[in-house]
Amino acid sequence: MNPVVGIIMGSDSDWGTMQKCVGVLRDFEIPYEVHIMSAHRTPEKAATYATEAEGRGLKVLICAAGMAAHLAGVIAGHSILPVIGVPMKGGAMDGLDALLATVQMPGGIPVATLALGNAGATNAGILAAQILALNDATLRQKLHDYKRAMEEKVNAADARLQDEL
């Protein structure tokens, strides 16, 4: 199947975290592609990717970057597709700089900014699924099932705790 989600990482060091996102997309059977490009070191490649993404059939773009974290903003500036930003932990500020750089977008260039690191990567996959489910009843049902499974897991944990008390 042709990819509908594009995952872009600013560095190969982001891959360990972004595998969480890929795992979610696989679980929901959403076709994706993954690339490494930099807003600063490969700006033309990033701009071209963003500009051509819609025409290639991509529907959601997920960008992971640390430190200056301008990748999501550059991609959003060159595309009308929804852009999800995942700030990476690390660096002198342990990800705070990446979070601020990703969330502080000027009006007119939205980036849906998620949590730092693993939680953000997982949620990026889920948010992409939710966006795609707006026009896909099968995917929408999978999301309902996913939420129900989370609820059942919490209820089972509570029942075990109550039995111990």
Side-chain angles (χ1 to χ4, degrees), residues 1-136 139 142-143 146:
M1 293 182 70
N2 293 329
V4 294
V5 174
I7 300 171
I8 310 146
M9 303 177 299
S11 169
D12 60 348
S13 65
D14 302 331
W15 178 235
T17 300
M18 292 309 292
Q19 287 182 38
K20 303 283 188 201
C21 179
V22 166
V24 170
L25 296 174
R26 284 181 181 157
D27 288 347
F28 284 110
E29 300 177 340
I30 297 170
Y32 62 90
E33 63 184 31
V34 183
H35 296 280
I36 298 169
M37 59 190 76
S38 168
H40 305 109
R41 294 180 296 272
T42 60
E44 292 86 10
K45 182 178 180 181
T48 299
Y49 182 87
T51 303
E52 294 176 355
E54 181 184 7
R56 292 189 313 105
L58 294 175
K59 298 187 182 323
V60 179
L61 302 174
I62 300 171
C63 300
M67 296 170 51
H70 293 129
L71 183 58
V74 166
I75 297 298
H78 286 89
S79 180
I80 64 159
L81 296 176
V83 175
I84 301 169
V86 182
M88 295 288 107
K89 287 187 161 210
M93 300 179 76
D94 198 30
L96 179 59
D97 49 349
L99 175 62
L100 294 174
T102 306
V103 77
Q104 293 292 346
M105 293 301 300
I109 311 295
V111 171
T113 306
L114 301 181
L116 286 166
N118 289 337
T122 298
N123 286 343
I126 296 167
L127 182 55
Q130 291 172 328
I131 292 167
L132 295 169
L134 293 170
N135 294 308
D136 184 332
L139 184 53
K142 289 179 184 180
L143 284 161
Y146 174 80

Chemist: Sort and list the pairs that fulfil ring pair (Phe, Tyr, Trp, His ring centres under 6.0 Å) and have at least one residue in residues 48-69, not counting sequence neighbours.
Modeler: H35-Y49

Chemist: With sequence neighbours left out, what residues match E52 under salt bridge (charged side-chain N to carboxylate O under 4.0 Å, His left out)?
Modeler: none

Chemist: Can you list every ring pair (Phe, Tyr, Trp, His ring centres under 6.0 Å) pair that touches residues 13-32, not counting sequence neighbours?
Modeler: F28-Y146

Chemist: Please, which pairs that meet side-chain hydrogen bond (donor to acceptor under 3.5 Å, both in side chains) have at least one residue in residues 92-105, sequence neighbours excluded?
Modeler: none

Chemist: Heavy atoms, side chains only, cut-off 4.5 Å: are M88 and M67 in contact?
Modeler: no

Chemist: Considering only residues two or more places apart or on different chains, which pairs with a residue in residues 95-132 satisfy ring pair (Phe, Tyr, Trp, His ring centres under 6.0 Å)?
Modeler: none

Chemist: Of all residues at least two apart in sequence or in a different chain, which pass the side-chain contact (heavy atoms from CB on, under 4.5 Å) check with P31?
Modeler: M1, V4

Chemist: Keeping to residues at least two apart or across chains, list the ring pair (Phe, Tyr, Trp, His ring centres under 6.0 Å) pairs with something in residues 82-130.
Modeler: none

Chemist: Who are the side-chain contact (heavy atoms from CB on, under 4.5 Å) partners of L100, not counting sequence neighbours?
Modeler: L96

Chemist: With heavy-atom distances below 4.5 Å as the criterion, would you say the side chains of V111 and V103 are in contact?
Modeler: no

Chemist: Going by side-chain hydrogen bond (donor to acceptor under 3.5 Å, both in side chains), name the pairs with one or both residues in residues 62-83, residues two or more places apart or in two chains.
Modeler: H40-H70

Chemist: Would you give the length of the straight line joining atom CG of D136 to atom CG of L143, rounded to the nearest 0.5 angstrom?
Modeler: 9.5 Å

Chemist: State, with a plain yes or no, whether a side-chain heavy atom of L81 is found less than 4.5 Å away from one of V60.
Modeler: no

Chemist: Residues in side-chain contact (heavy atoms from CB on, under 4.5 Å) with D27, at least two apart?
Modeler: none

Chemist: Any side-chain hydrogen bond (donor to acceptor under 3.5 Å, both in side chains) pairs touching residues 54-66, not counting sequence neighbours?
Modeler: E33-R56

Chemist: How would you list, by chain and number, every residue that makes a side-chain contact (heavy atoms from CB on, under 4.5 Å) with L116, sequence neighbours excluded?
Modeler: P87, K89, L99

